[in-house]
Amino acid sequence: MSDESFVNEFVEESSFFMKNSDVIDKSVVTIDTYPSVTFKVRGKMERSGITIPMIMRCWVVFYEDKIVFLQSMGIDNAEFKALEQLYFLITNSVIFPDQYK
């Protein structure tokens with residue numbers, strides 16, 4: 001996680017499906033003692049000829065030998081901004097009980 005080029009490449013690859021993507025923020029965090037990357041990306045998605053402005057917040061948890069994605073995505077509008085705090089609360093409530101045995 002200390003290799004910034006790894007984090008940058010991981011974020012870029014994780015948001016490949018968005019056109020004209022713009023990384024709003026990214027950082028290395030801890031979720032229930034596990035190293036994680038969180039990032040927020042704004043871009044556009046095309047479906048059936050319709051282009052939709054989208055925004056995505058993602059947490060990627062490196063859990064032992066697995067990668068766990070917690071992802072929220074919606075139309076880039078006030079509703080996403082209002083729900084973003086709920087996404088943070090949900091992520092903050094995640095625990096991995098195996099480590100407590």
Side-chain angles (χ1 to χ4, degrees):
M1 296 321 230
S2 61
D3 183 359
E4 190 169 334
S5 64
F6 169 77
V7 173
N8 290 337
E9 185 177 329
F10 194 87
V11 170
E12 291 296 322
E13 291 293 323
S14 297
S15 57
F16 75 94
F17 57 90
M18 289 183 152
K19 296 182 190 293
N20 302 326
S21 63
D22 178 32
V23 177
I24 299 169
D25 67 47
K26 65 178 177 289
S27 60
V28 176
V29 297
T30 302
I31 297 180
D32 194 34
T33 73
Y34 289 96
S36 308
V37 173
T38 183
F39 58 92
K40 187 175 180 180
V41 178
R42 177 179 281 132
K44 296 181 180 183
M45 292 180 63
E46 182 271 325
R47 294 291 184 259
S48 301
I50 299 170
T51 301
I52 306 166
M54 302 293 288
I55 192 162
M56 173 179 69
R57 167 66 76 174
C58 190
W59 292 265
V60 183
V61 184
F62 296 91
Y63 172 62
E64 297 178 9
D65 62 341
K66 299 167 188 66
I67 298 176
V68 178
F69 276 81
L70 303 169
Q71 185 176 39
S72 60
M73 187 161 57
I75 296 174
D76 189 5
N77 61 16
E79 182 180 22
F80 183 88
K81 290 175 182 76
L83 291 172
E84 192 167 17
Q85 291 308 309
L86 176 62
Y87 305 145
F88 276 102
L89 290 171
I90 290 169
T91 301
N92 194 43
S93 71
V94 170
I95 61 168
F96 298 96
D98 289 346
Q99 68 180 320
Y100 300 108
K101 290 182 180 179

Original post:
Quick check: are there more than 12 heavy atoms from other residues, nucleotides or ligands sitting under 6.0 Å from CD of Glu46?
Top reply: yes
Subject >> Side chain Thr30, main chain Pro35, donor-acceptor under 3.5 Å >> reply: no
Original post:
Between Leu70 and Val60, is there a shared hydrophobic cluster once you connect ILVMFWY residues whose side-chain heavy atoms come closer than 4.5 Å?
Top reply: no
Original post:
Does Ile75 CD1 have over 12 foreign heavy atoms under 6.0 Å away?
Top reply: no
Subject >> Stepwise side chain to side chain donor-acceptor pair (under 3.5 Å) test for Ser21 and Arg42 >> reply: CA-CA 6 Å; Ser21 63; Arg42 177 179 281 132; over 6 Å; no
**OP:** Determine, using the 4.5 Å side-chain heavy-atom cutoff (strictly less than), whether Met56 and Leu83 are members of one ILVMFWY cluster.
**Re:** no
Original post:
Does Gln99 reach the main-chain N or O of Asp32 with its side chain, forming a donor-acceptor pair under 3.5 Å?
Top reply: yes
Original post:
For Val68, which of Trp59, Phe62, Tyr63, Tyr34 qualifies under side-chain contact (heavy atoms from CB on, under 4.5 Å)?
Top reply: Tyr63
Original post:
Linking I/L/V/M/F/W/Y whenever their side-chain heavy atoms sit closer than 4.5 Å, directly or via other members, would Phe88 and Phe80 fall into one cluster?
Top reply: yes
**OP:** Assess whether side-chain contact (heavy atoms from CB on, under 4.5 Å) is satisfied between Ile55 and Lys40, documenting all intermediate values.
**Re:** CA-CA 7 Å; Ile55 192 162; Lys40 187 175 180 180; 3.4 Å; yes
Original post:
Is it true that Leu89 and Phe69 fall in one hydrophobic cluster, defined by side-chain heavy atoms closer than 4.5 Å?
Top reply: no
Original post:
So how far is it from Thr38 OG1 to Ile31 CD1, rounded to the nearest 0.5 Å?
Top reply: 7.0 Å
Original post:
Which atoms form the tightest heavy-atom contact between Met18 and Gly43, and what is the distance?
Top reply: SD-N, 3.9 Å
**OP:** Check the pair Val7, Val28 against side-chain contact (heavy atoms from CB on, under 4.5 Å), reporting the backbone distance first and the verdict last.
**Re:** CA-CA 8 Å; Val7 173; Val28 176; 4.1 Å; yes
**OP:** State plainly whether the residues Asp25 and Arg57 are in salt-bridge range, i.e. N to O under 4.0 Å.
**Re:** yes
Original post:
Considering all heavy atoms of both residues, which atom of Val11 and which atom of Lys26 are nearest to each other, and what is their separation?
Top reply: CG2-CD, 4.1 Å
Subject >> CZ/Phe16: more than 12 non-hydrogen atoms of other groups inside 6.0 Å >> reply: no
Subject >> Joint cluster assignment, Ile52 & Val41, ILVMFWY side-chain distance < 4.5 Å >> reply: yes
Subject >> Pairwise side-chain contact, Phe96 with Val61, heavy-atom cut-off 4.5 Å (strictly under) >> reply: yes
Subject >> Nearest heavy-atom neighbours spanning Lys81 and Asp76 >> reply: NZ-OD1, 3.8 Å
Original post:
Looking at side-chain heavy atoms only, is the closest gap between Thr51 and Lys19 below 4.5 Å?
Top reply: no
**OP:** Determine the minimum heavy-atom distance between Phe17 and Met73, stating which atoms define it.
**Re:** CE1-SD, 3.9 Å
